[in-house]
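We're numbering straight along the sequence, starting at 1.
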Amino acid sequence: MGSGSELAAAVLLGLGFPCAVLAALVPDVRLFAGAAAVTYAADWYLHQKKSYLVDRLNSVRAGLPIRFLLRQLLLILLLARENLAEQPLFYAAVACFLLFYGLQAPHGALTTLIRLRRTLPVVTRNVDLHGVRIPDAPPHALLHRAGEKMLHLDLPAVAGVVAAAATGRPVLGYAGTAATLVLGVLYVLLLVPYVRRKHRVPGAGTVLKAVDTWLREYQPTVALYFSGSDEAAYQVNMWLNTMERVDGRPIVVMREPNLVPRLNDTAVPVLCIPGGQHTMARDWSTLRVVLYPANAGKNIHMLRVPTAKHAFIGHGDSDKLASVNPFSKAYDEVWTAGRAGRDRYALADVGVRDEDVVEVGRPQLAPIRRWTGTPKNPVPTILYAPTWEGWDGDPGNTSLLLAGENIVRRLLDAPDPVRVVYKPHPFTGLVDRRAKAVDERIRTMVAEAAARRAADPRWAREADAARAGQAAARAELTRVEARLAALSDPGRKGADEAETSRVSLADPHRIAVLRRLRAEWNDAYWRSFGWWEHRVVTGARPHLYDCFNEADGLVSDISSVVSDFIASGKPYAVADSAGLGEEEFRRQNTAVRAAVVLSNDAAELGELLAAVADPAADRTAGERRALKQYLLGPDEPTATERFDTAVRALAARAEARNTAVAQRLAGRTVGGADREDDAVPMGAGDDDPGAAAAARDSAEPTVVG
């Protein structure tokens, strides 16, 4: 349903229409005016919030146009019950609403036509499609939520007619109906110029031809190929910095246009091609390496490119079954962080050969700082970062359902104070609503604990001392956010995707400034509240790795979060939500070998807190160092260097394959063995290999193809 305010708006909407029906039947003009105002306001709020309820109403045939029509019909009924059915006002209202709905058709047709004629077959970033004339987009206000805006133009008519019925002054109704019709006609007329040719983008053929020209000029050699849902943008974002440093001419190829605005800023060219036929029709012959962060059905459209070698790189390293997906054998190579990934595939026996597994480390872990051995602040910070519930309903996927509240409660009630930072997975509640409910309760627990600590006299001195610094940090946050907002969108405010594709060319200076500002934002964020204050962290900022650097210990589940955190060398705990028992849990999950294992009552948390507070009590420090190398590979050479080496080696394999194929197609290796007239006599080579070889060489080669 969404937030509490959305639920309240939904309740008001549900009560407003029955009240309007009652007011029309009674009749009661004042009650009708109040009920209509409530329904207008509730509708507007739910659409502003993009509430889940809006889609549900549409699915049960109670969408926005129906609700507006119902309100207007009830107004007509009210006039009839007020004995105004024979008055000119009644006919004016009926005529107005009929004409107004007549305007909906041309308005809807125009907005749809304009959007279609401004939709490119591709979405790009950092790609210069010179030769393609892409005009500026129509004003944002004209097309953004256009249908909703058009429907709301009935407000003058509804308000005027209600006022006329209440006061007995028909002129108010006539003025309102005239205003609605004039505004409706004006809205339609404002759209008409943008149907003209000069406001259209070129056709698909012209744009794709320009894409092909750019591909020939740029000649990409290494591609990061990605397809996924809106929530999965992090899976491609984590590889962008690595792609910028890769040896060759990198490109990011995507399939879902709605994901492109969710990408982090990058200097790498981004080419999003939604259509499968358009993807397969492009010339990818210069590619030598294609990297896949996720196993998706649309991968097949790039896997069919024979001139490249294909490697699955994933979007994390963990003991989940997803890390040994049988589909992985479709790739030429599977790249893992360390030896642990190789061993997982061997144990799973899903068809991935050991010689096709390459250990490349995790280059994106470079920002994670190593532990100094002592807490960063006087109060240790524990990060609770549970994973989501997964698709299969396995109780071992997430600790939220069975252990989450116990974990947070024990941390908040710890004998020696700790600070709790709670960062839920963005997919939380996607499959199981119970997980979302627990997430909401934990957020409430953390917020209430933060409020209690703020009111506790023990922290008053710290709060007073930090107040000026926190105020300065919040002011800096506001300043940095304003600059980030100004720099994040290089185009004109209100530009559509076609115009953004035209103007979003790589600007190394701008990207460098953005990265510096994000680092400043992260620093100011953590300074904007006390090191003793509990916190709930959601959204893209601060990044998970920034939370790692702020934390002194971690509580999580079997996921890549644990494997990544091991790079820090800090103590951590993993929840055995499925109740396997400590010994079996460690046996089944490599990343748990150096962890504190938590049962669902989280009674073992004291061991983690002791290890965080006192290095002498840290019994697993040595195991963590060994496990880090096993999971993530050695420190030298660096993961970036190993990744680059793997790219070059796979590119060399592709070149060797292409050279061999070219030789065969040129007839250099395929002789005339299939030509009966030139065949070597049976047995000729048995006694004289040289004669046999000479006979083969003298045969005219067969050209395949």
Side-chain angles (χ1 to χ4, degrees), residues 120-132 207-227 236-237 239-257 259-260 263-294 296 298-313 331-333 335 360 363 501-502 504-508 511 640 643-659 661-662:
L120 297 174
V122 296
V123 174
T124 66
R125 298 290 186 270
N126 306 327
V127 174
D128 186 6
L129 299 180
H130 55 275
V132 178
V207 175
L208 292 172
K209 184 177 179 180
V211 169
D212 292 339
T213 300
W214 179 83
L215 285 171
R216 285 194 300 272
E217 294 173 350
Y218 181 63
Q219 296 189 335
T221 58
V222 183
L224 182 73
Y225 180 92
F226 186 75
S227 173
V236 65
N237 279 329
W239 288 106
L240 292 180
N241 287 343
T242 303
M243 290 297 294
E244 288 185 3
R245 299 190 299 266
V246 79
D247 186 18
R249 291 180 296 280
I251 184 174
V252 176
V253 181
M254 302 178 67
R255 301 302 304 281
E256 286 77 24
L259 273 176
V260 176
L263 288 182
N264 294 341
D265 291 288
T266 180
V268 178
V270 177
L271 186 58
C272 178
I273 313 178
Q277 74 278 20
H278 292 156
T279 303
M280 293 187 289
R282 306 283 66 78
D283 180 6
W284 304 110
S285 60
T286 63
L287 287 178
R288 293 298 175 262
V289 175
V290 183
L291 307 172
Y292 300 82
K298 293 180 182 178
N299 287 8
I300 188 64
H301 296 145
M302 188 62 79
L303 279 167
R304 63 185 291 279
V305 176
T307 52
K309 290 293 183 181
H310 306 266
F312 179 71
I313 58 175
Y331 307 98
D332 295 292
E333 290 183 354
W335 293 2
V360 299
S501 293
R502 183 194 74 198
S504 59
L505 300 180
D507 182 352
I511 293 173
T640 298
F643 188 90
D644 286 342
T645 299
V647 169
R648 288 193 294 270
L650 192 56
R653 283 186 59 190
E655 287 287 0
R657 176 263 174 203
N658 295 341
T659 300
V661 169

Does the side chain of [Y] come within less than 4.5 Å of [X]'s, by heavy atoms?
| X | Y | value |
| --- | --- | --- |
| Lys309 | Glu333 | no |
| Asn237 | Leu240 | yes |
| Cys272 | Leu259 | no |
| Val290 | Tyr331 | no |
| Val236 | Leu224 | yes |
| Arg657 | Pro306 | yes |
| Asp644 | Val246 | yes |
| Leu271 | Val252 | no |

Can a donor-acceptor pair be found, under 3.5 Å and without considering hydrogens, that links the side chain of [X] to the backbone of [Y]?
| X | Y | result |
| --- | --- | --- |
| Arg125 | Ser504 | no |
| Arg648 | Asp247 | no |
| Arg653 | Ala649 | no |
| Trp284 | Thr279 | yes |
| Asp265 | Ile511 | no |
| Asn126 | Val268 | yes |
| Thr286 | Thr221 | no |
| Asp332 | Ala311 | no |

Rounded to the nearest 0.5 Å, how far apart are [atom1] of [X] and [atom2] of [Y]?
| X | Y | atom1 | atom2 | answer |
| --- | --- | --- | --- | --- |
| Asp128 | Ser501 | CG | OG | 12.0 Å |
| Lys298 | Phe226 | NZ | CZ | 11.0 Å |
| Asn299 | Phe312 | CG | CZ | 8.5 Å |
| Leu291 | Trp239 | CG | CH2 | 8.0 Å |
| Tyr225 | Tyr292 | OH | OH | 7.0 Å |
| Leu287 | Arg282 | CG | CZ | 13.0 Å |

* **Salt bridge flag under 4.0 Å for residues Glu655 and Arg288** => yes
* **salt_bridge(Arg216, Asp283) N-O dist < 4.0 Å** => no
* For a side-chain hydrogen bond (donor to acceptor under 3.5 Å, both in side chains) with Ser227, tell me which candidate from His301, Arg255, Glu256 qualifies. => Glu256
Considering non-hydrogen atoms only, spot the tightest contact between [X] and [Y] and give its length.
| X | Y | value |
| --- | --- | --- |
| Pro250 | Pro269 | O-CD, 3.5 Å |
| Val360 | Ala646 | CG1-CB, 3.5 Å |
| Met302 | Val253 | CE-CG1, 4.1 Å |
| Val270 | Met254 | CG1-SD, 4.0 Å |

* To do: I would like to know whether Val222 and Met243 meet side-chain contact (heavy atoms from CB on, under 4.5 Å); could you show each step before the answer?
  => CA-CA 8 Å; Val222 183; Met243 290 297 294; 4.1 Å; yes
